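Protein chains get the first letters and strands the later ones, always in sequence-line order, with residue 1 at the start of each. Because the structure is a prediction, the values reported are computed rather than measured.
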Protein chains: 2
Amino acid sequence: MALEPRYDPVMTDDTQEPGTVRPGGRTARTRTAVLRAAGDALAEHGIDHLDLADVARRAGVGKTTVYRRWGTLTNLVADLLADMAEQSLPRTETGRLLDDLLANARLVRRTLADPRQGALFKAMIAAATCDPNTADALHHFYAVRIDEWAPCVQQAIDRGELPGDTDPHEVIRAVSAPLYYRLLNSGEPLDDAAAERAARAAAYAAEAGAYRRPGPGAGTVTRIGSPSGTAGQVP
Amino acid sequence: MALEPRYDPVMTDDTQEPGTVRPGGRTARTRTAVLRAAGDALAEHGIDHLDLADVARRAGVGKTTVYRRWGTLTNLVADLLADMAEQSLPRTETGRLLDDLLANARLVRRTLADPRQGALFKAMIAAATCDPNTADALHHFYAVRIDEWAPCVQQAIDRGELPGDTDPHEVIRAVSAPLYYRLLNSGEPLDDAAAERAARAAAYAAEAGAYRRPGPGAGTVTRIGSPSGTAGQVP
DNA sequence: TCGTTAACGGTTCTTCAGTTCCATTACGAT
DNA sequence: ATCGTAATGGAACTGAAGAACCGTTAACGA
């Protein structure tokens with residue numbers, strides 16, 4: 001249903017997304033209110049039995065607006081994730097790898113163990129399994145978070161505590177992974193002991209060279225020597 | 001569920017679940033067909049945009065039957081998980097901890113990297129975030145799977161490769177966790193290198209005592225000494 | 001083999017998530 | 001300040017998920 005081509009000074013691209021031409025003032029307020037409401041609603045009910053009308057009501061916004069700007073629930077979650085990725089929390093810095101990893105593990109644990117935040121993360125992860133765009137948003141969110149913490153591993157490498165070709169991101173991910181496994185898969189309690197174990201395990205494994213990047217000539221199982229200690233004897 | 005206490009010929013307990021009184025023949029066939037169809041449908045579409053009518057059609061079964069016996073999608077997933085928990089796959093046994101963990105990691109990796117199985121697990125985990133019963137079913141499923149593999153860690157303990165108070169289940173969970181983290185959170189590829197790293201990291205960390213059960217007098221950070229090697233120097 | 005009735009399946013009905021329509025508001029360029 | 005229109009919000013509409021109804025089929029005890 002294209003408009004007649006003649007005398008079309010603007011080449012009206014009617015695929016223009018709402019909220020992009022006048023992003024200030026009311027539009028921005030609406031987005032803030034809706035994202036906040038979406039977070040609350042997601043935390044209370046899961047990803048299903050949750051209609052956008054309820055989100056609109058909480059946000060004090062017409063449901064038409066929500067449907068027009070986000071369309072689907074997964075799009076809304078994707079936008080929420082993009083928003084959360086921008087809000088970075090400051091990272092502690094102790095100068096000791098294990099302490100840094102412990103701080104990270106405890107931060108993650110506290111977040112996931114919190115009723116609201118934990119439920120919210122569950123819901124966002126569930127939403128990401130339903131839609132590629134939302135999955136990308138989730139992956140980006142974690143990429144940003146991991147990036148923020150990777151430097152403390154790099155510093156440990158620089159101090160000579162870890163092998164030089166250790167992948168810092170992989171170490172940080174290794175701290176979070178067991179905690180998310182408890183949250184989503186096994187259902188074991190997310191207590192402080194779990195956080196401590198996650199941090200210790202990552203530190204020990206990194207120390208032993210488990211997170212070294214595969215070398216250029218790493219065809220088969222490259223035998224790696226731990227730079228300090230003999231943990232590499234496990235095999 | 002006792003039979004009627006004489007002279008109440010019916011005492012019709014209408015909370016009787018369908019499929020419990022005549023569980024054989026057609027009823028069992030229906031359940032098998034529906035669970036299979038549910039798995040297929042879940043793998044293709046996610047947990048949302050998936051109606052039970054589609055499942056019924058695939059199973060060659062009236063949609064009324066699906067609604068009557070399972071009611072909600074999450075109930076169906078819970079039943080699917082209970083069914084899957086009973087089908088145990090045989091575990092390899094090599095006699096070396098790292099090889100056993102590698103076998104486990106590669107099995108998990110292959111499962112999650114497989115398009116159908118990976119999507120199915122994603123969907124089931126997502127469903128578990130929406131409903132407590134489904135969550136219980138998922139936790140039970142993993143408890144069974146972890147139980148199956150824990151003995152190989154116990155054997156390593158018996159051989160003296162690991163500290164005596166190592167928690168075998170925790171070690172096995174540690175192998176899976178990074179792979180699920182990739183599947184659900186970070187989106188990094190589930191390649192064989194990831195499986196190998198997961199197995200090595202778990203083995204090294206276990207070796208270093210990261211998965212020792214908290215002792216009776218473990219108030220604060222109990223300093224643990226690695227039984228073989230000096231990986232404990234990380235702190 | 002037979003009878004009872006649990007369980008199934010087709011049809012119809014109801015409800016509500018999501019869409020469309022249009023009047024109103026207020027952003028932002030001039 | 002003024003104007004054009006992007007963006008919003010209420011109301012009416014629609015299609016499909018899921019419940020209700022009831023006749024049919026077959027499990028299982030005798």
Do any N or O atoms from the side chain of [X] and from the backbone of [Y] form a donor-acceptor pair under 3.5 angstrom?
X: B:R109; Y: B:L190; answer: yes
X: A:T166; Y: A:P168; answer: no
X: A:R182; Y: A:G187; answer: no
X: B:D100; Y: B:T94; answer: yes

Inset, instruction - Counting heavy atoms from C-beta on, name the nucleotide in C:dC21, C:dC8, C:dA17 closest to the side chain of A:Y67. - result: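 Output: C:dA17.
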Passing option when [X] is tested against [options] for side chain to side chain contact (heavy atoms under 4.5 Å, CB included):
X: A:D48; options: B:T74, B:T72, B:T129; result: B:T74
X: B:L120; options: B:V77, B:D40, B:L80; result: B:L80
X: A:L76; options: A:L42, A:L52, A:L81, A:T134; result: A:L52

Inset, instruction - Give one of base, sugar-phosphate or nothing for B:T20, where a contact means two heavy atoms less than 4.0 Å apart. - result: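 Sugar-phosphate, backbone atoms only, no base.
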Inset, instruction - Using a 4.0 Å heavy-atom cut-off across all strands, classify B:G71 as base, sugar-phosphate, or nothing. - result: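 The residue B:G71 makes no contact with any strand.
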Inset, instruction - Could you say whether B:R68 or A:T65 is positioned toward the 5' end of DNA chain D, judged by the nucleotide with the nearest heavy atom to each? - result: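 Nearer the 5' end of the strand: A:T65.
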Legend entry - Estimated bend of the helix from C:dT1-D:dA30 to C:dT30-D:dA1 (axis per five terminal pairs, rounded to 10 degrees):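 It works out to 60° between the end axes.
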Rounded to the nearest angstrom, tell me the gap between atom [atom1] in [X] and atom [atom2] in [N].
X: A:K63; N: C:dT20; atom1: NZ; atom2: P; answer: 13 Å
X: B:H49; N: C:dA17; atom1: NE2; atom2: P; answer: 18 Å
X: B:E17; N: C:dC8; atom1: CD; atom2: P; answer: 12 Å
X: A:D48; N: C:dA17; atom1: CG; atom2: C1'; answer: 14 Å

Inset, instruction - Could you tell me whether the phosphate oxygens of C:dG10, OP1 or OP2, come under 4.0 Å of any side-chain nitrogen or oxygen in B:T64? - result: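 No.
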Legend entry - Any B:R69 side-chain N or O less than 4.0 Å from OP1/OP2 of C:dC8: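 Yes, such a contact exists.
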Legend entry - Range on DNA chain D touched by chain A - first to last nucleotide, heavy-atom distance under 4.0 Å: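 Using the under 4.0 Å cut-off, the span is D:dG4 to D:dA11.
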Legend entry - Closest non-hydrogen atom pair, B:A201 against A:Y211: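 Closest pair (atom of B:A201, atom of A:Y211, distance): CB-OH, 3.2 Å.
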Legend entry - Check against side chain to side chain contact (heavy atoms under 4.5 Å, CB included), A:I172 and A:C152: CA-CA 9 Å; A:I172 298 298; A:C152 76; 4.2 Å; yes
Inset, instruction - Report the C-alpha distance between B:L179 and B:L183 in whole Å, list the side-chain angles of each, state the deciding distance to 0.1 Å, and finish with yes or no for side chain to side chain contact (heavy atoms under 4.5 Å, CB included). - result: CA-CA 6 Å; B:L179 301 172; B:L183 179 74; over 6 Å; no
Legend entry - Aromatic plane relationship, B:F121 with B:Y180 - under 30° parallel, 30 to 60° tilted, over 60° perpendicular: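 The rings of B:Y180 and B:F121 sit tilted, inter-plane angle from 30° to 60°.
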For nucleotides 23-29 of chain C, which of its nitrogen or oxygen atoms have a protein nitrogen or oxygen under 3.5 Å away, and what is each distance?
{"from": "C:dT25", "atom 1": "O2", "to": "A:R26", "atom 2": "NH2", "distance (Å)": "3.1"}
{"from": "C:dC27", "atom 1": "OP1", "to": "A:R29", "atom 2": "NH2", "distance (Å)": "3.3"}
{"from": "C:dC27", "atom 1": "O2", "to": "A:R22", "atom 2": "NE", "distance (Å)": "3.2"}
{"from": "C:dC27", "atom 1": "O2", "to": "A:R22", "atom 2": "NH1", "distance (Å)": "2.9"}
{"from": "C:dC27", "atom 1": "O2", "to": "A:R22", "atom 2": "NH2", "distance (Å)": "3.2"}
{"from": "C:dG28", "atom 1": "OP1", "to": "A:G24", "atom 2": "N", "distance (Å)": "2.8"}

